[in-house]
Amino acid sequence: MEPELDSTKAAAGNRKHLAMLERLSKRTATSSADSPEASPVASFLSRFAAAKVAAESALSACRSSPDDAPASLATASAAVDDLERLVAEASHSLPPYELRSALAAVSDLRAAHKLAASEIRPKKSFSFRNKSKATKIPPQDPPATLQPPPELPKPSFDAILPGFGFRGRNGATLVKDLRVASEKDGDFTLADLVSCEVYLKGKCRALYIHKLRDCRVFIGPVFGSVLIEDVESCTFVMAAHQIRIHEARATDFYLRVRSRPIIEDCSGVRFAPHALRYVGIEEDLRDSGLEEDTGNWANVDDFKWLRAVQSPNWSLVPEEERLPTVDISEVQETEDCN
């Protein structure tokens, strides 16, 4: 019974957040009755709550139906994947608190999934140990007590990011042609890179960037969202529909973006127009709905600066300091994706 108590403890951390989501969902649903359209936040809360229930139901099925536990675990894993993708796609329209709360809820569900998997695996080995040692334990000795599995640490932001991409490299040149990759038009991740140059040709659905230092990153069109967290002394050249940037320091962004870029907890970040070329980029931009430069690269929203005057956290790159257009057509692909 003790492993079940641990799983209950792992799930209990989410209840407060769930209650908050349900209250907000009910409140926004009530207010939306007076308006023809629900707000983006209300729509997200509704979809998030439904997807979260689906993930929790699959996790519950692991314990209620042990014979079907492997299938339920797979279903739960897919449901959590869908949940984190939903958060990433809505990140550009969510207030900071809701975004962080949603990411924390996804992280807790991922931990609960790992805990459920650890509860299922040890049962067979424990039963074998009892059988093999039954004749060696004196009858008068008290039976050995099962120790509950250690509590798993909460996964970091990096742990919940999609797995395909470049991770954990130092001083490397990393190249990928997404037009010929098996994960074509999927999600891509850059994480834990130091002093690297990254070149991605072709388009992807979503891009996740976490913990980069002193890197130069050149990205083909992203027809969904870009979520950037914890970068310093980097240069990014990219085109996307939505771009949200957290905790960036002393970093330049050369952008083509359909909506206004959003920054939070940033300092010393600068913006300039898109400056990337490779053979076929015009077709990729057109297929992604990014053939037109809207000029939004210069219209930045700082969510932590609510005054009427210009935020001191960002500025435009002076024209004399801007990069010339970078052509990556001849850069050769590497095989370091994992």
Side-chain angles (χ1 to χ4, degrees), residues 85 88-89 91-92 162 164-166 172-190 193 196-209 212 215-228 231 234-245 248 251-263 269-301 316-337:
R85 183 167 291 111
E89 290 174 352
S91 63
H92 69 285
F164 180 66
F166 296 119
T173 298
L174 307 169
V175 187
K176 190 67 180 176
D177 192 337
L178 300 175
R179 297 168 295 185
V180 297
S182 58
E183 296 82 359
K184 183 178 180 181
D185 294 350
D187 300 343
F188 204 89
T189 290
L190 304 175
L193 304 181
C196 291
E197 294 199 358
V198 181
Y199 303 92
L200 299 185
K201 304 176 188 178
K203 58 186 186 295
C204 61
R205 176 175 54 200
L207 178 67
Y208 306 87
I209 298 174
L212 269 61
C215 293
R216 287 163 50 92
V217 179
F218 303 89
I219 305 289
V222 180
F223 55 88
S225 300
V226 177
L227 183 59
I228 300 173
V231 297
C234 295
T235 298
F236 294 94
V237 184
M238 60 179 63
H241 280 255
Q242 297 113 16
I243 296 175
R244 188 154 186 168
I245 305 164
T251 293
D252 290 346
F253 298 89
Y254 291 77
L255 305 179
R256 175 178 293 188
V257 58
R258 290 294 298 270
S259 58
R260 297 165 68 99
I262 294 171
I263 65 172
V269 294
R270 306 192 302 176
F271 294 84
H274 190 245
L276 181 65
R277 178 188 300 129
Y278 58 80
V279 175
I281 191 173
E282 292 84 2
E283 181 180 354
D284 288 339
L285 288 168
R286 186 168 56 252
D287 291 346
S288 303
L290 294 166
E291 66 274 19
E292 179 185 357
D293 185 354
T294 63
N296 275 330
W297 60 269
N299 299 321
V300 180
D301 286 333
L316 302 182
V317 180
E319 290 192 22
E320 63 273 15
E321 296 182 24
R322 293 176 185 173
L323 288 176
T325 299
V326 179
D327 192 331
I328 63 172
S329 299
E330 302 301 320
V331 180
Q332 297 299 311
E333 181 175 346
T334 61
E335 297 297 332
D336 291 357
C337 284

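All figures in this text were calculated on a predicted structure; none of them were measured in a lab.
Between the side chain of Thr294 and the backbone N or O of Asn296, at least one donor-acceptor pair lies under 3.5 Å. Without hydrogens or angle criteria, His241 side chain to Ser288 main chain gives a donor-acceptor distance under 3.5 Å. The backbone N or O of Val331 sits less than 3.5 Å from a side-chain atom of Lys201, completing a donor-acceptor pair. Listed for the Tyr254 side chain is a donor-acceptor partner under 3.5 Å among the backbone atoms of Leu323. Between the side chain of Ser225 and the main chain of Ala206, no donor-acceptor pair closer than 3.5 Å is present. A donor-acceptor pair is defined here as one N or O able to donate and one able to accept, closer than 3.5 Å; such a pair exists between the side chain of Gln332 and the backbone of Glu330. Remark: the backbone N or O of Cys234 is paired with a side-chain donor or acceptor of Thr251 at under 3.5 angstrom.
Smallest separation of non-hydrogen atoms from Ala240 and Leu290: O-CD2, 3.5 Å. Here the closest non-hydrogen pair linking Gly202 and Asp284 is CA-OD2, 3.4 Å. Shown here for Gly220 and Tyr278, the closest heavy-atom pair between the two residues is CA-OH, 4.0 Å.
Between Arg270 and Glu321 there is a salt bridge, with a side-chain nitrogen of the basic residue lying less than 4.0 Å from a carboxylate oxygen of the acidic one. Taking 4.0 Å as the cut-off between side-chain N and carboxylate O, Arg260 and Asp301 count as a salt-bridged pair.
Counting heavy atoms from C-beta on, the side chains of Phe253 and Ile245 come closer than 4.5 Å. Contact of the Val237 side chain with the Ile219 side chain is not registered, since no non-hydrogen atoms from C-beta on lie closer than 4.5 Å. In this structure the side chain of Ile328 never reaches within 4.5 angstrom of the side chain of Arg277, judged on heavy atoms. Contact annotation: the side chain of Phe166 never approaches that of Val175 to less than 4.5 Å [non-hydrogen atoms, C-beta and beyond]. Within the 4.5 Å cutoff, no side-chain heavy atoms of Asp327 are placed close to those of Thr325. Using a 4.5 Å cut-off on side-chain heavy atoms (C-beta onward), Glu292 and Leu285 make no contact. Using a 4.5 Å heavy-atom threshold, the side chains of Met238 and Ile243 count as touching. Side-chain contact check for Asp287 versus Lys203: some heavy-atom pair is nearer than 4.5 Å.
Rounding to the nearest 0.5 Å gives a distance of 9.0 Å between CD1 of Ile209 and CG of Leu227. Rounded to the nearest 0.5 Å, atoms OG1 (Thr173) and CZ (Arg216) are 10.5 Å apart. One finds the CG atom of Leu207 at 5.5 Å from the CG atom of Leu190 (value rounded to the nearest 0.5 Å). Considering CD of Glu283 and CD of Glu291, their distance stands at 12.0 Å, rounded to 0.5 Å. Rounding to the nearest 0.5 Å gives a distance of 6.5 Å between CG of Leu193 and CG of Leu174.
Using cut-offs of 30° and 60° on the angle between ring planes, the pair Phe188 and Phe164 is perpendicular.
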Side chain to side chain contact (heavy atoms under 4.5 Å, CB included) between Ile263 and Val269, worked out: CA-CA 9 Å; Ile263 65 172; Val269 294; 4.2 Å; yes
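For the side chain to side chain contact (heavy atoms under 4.5 Å, CB included) with Phe236, the qualifying choice from Val231, Leu255, Asp252 is Val231, the only one to do so. Between Pro273 and the options Arg322, Arg256, Glu319, a side chain to side chain contact (heavy atoms under 4.5 Å, CB included) holds for only Arg322.
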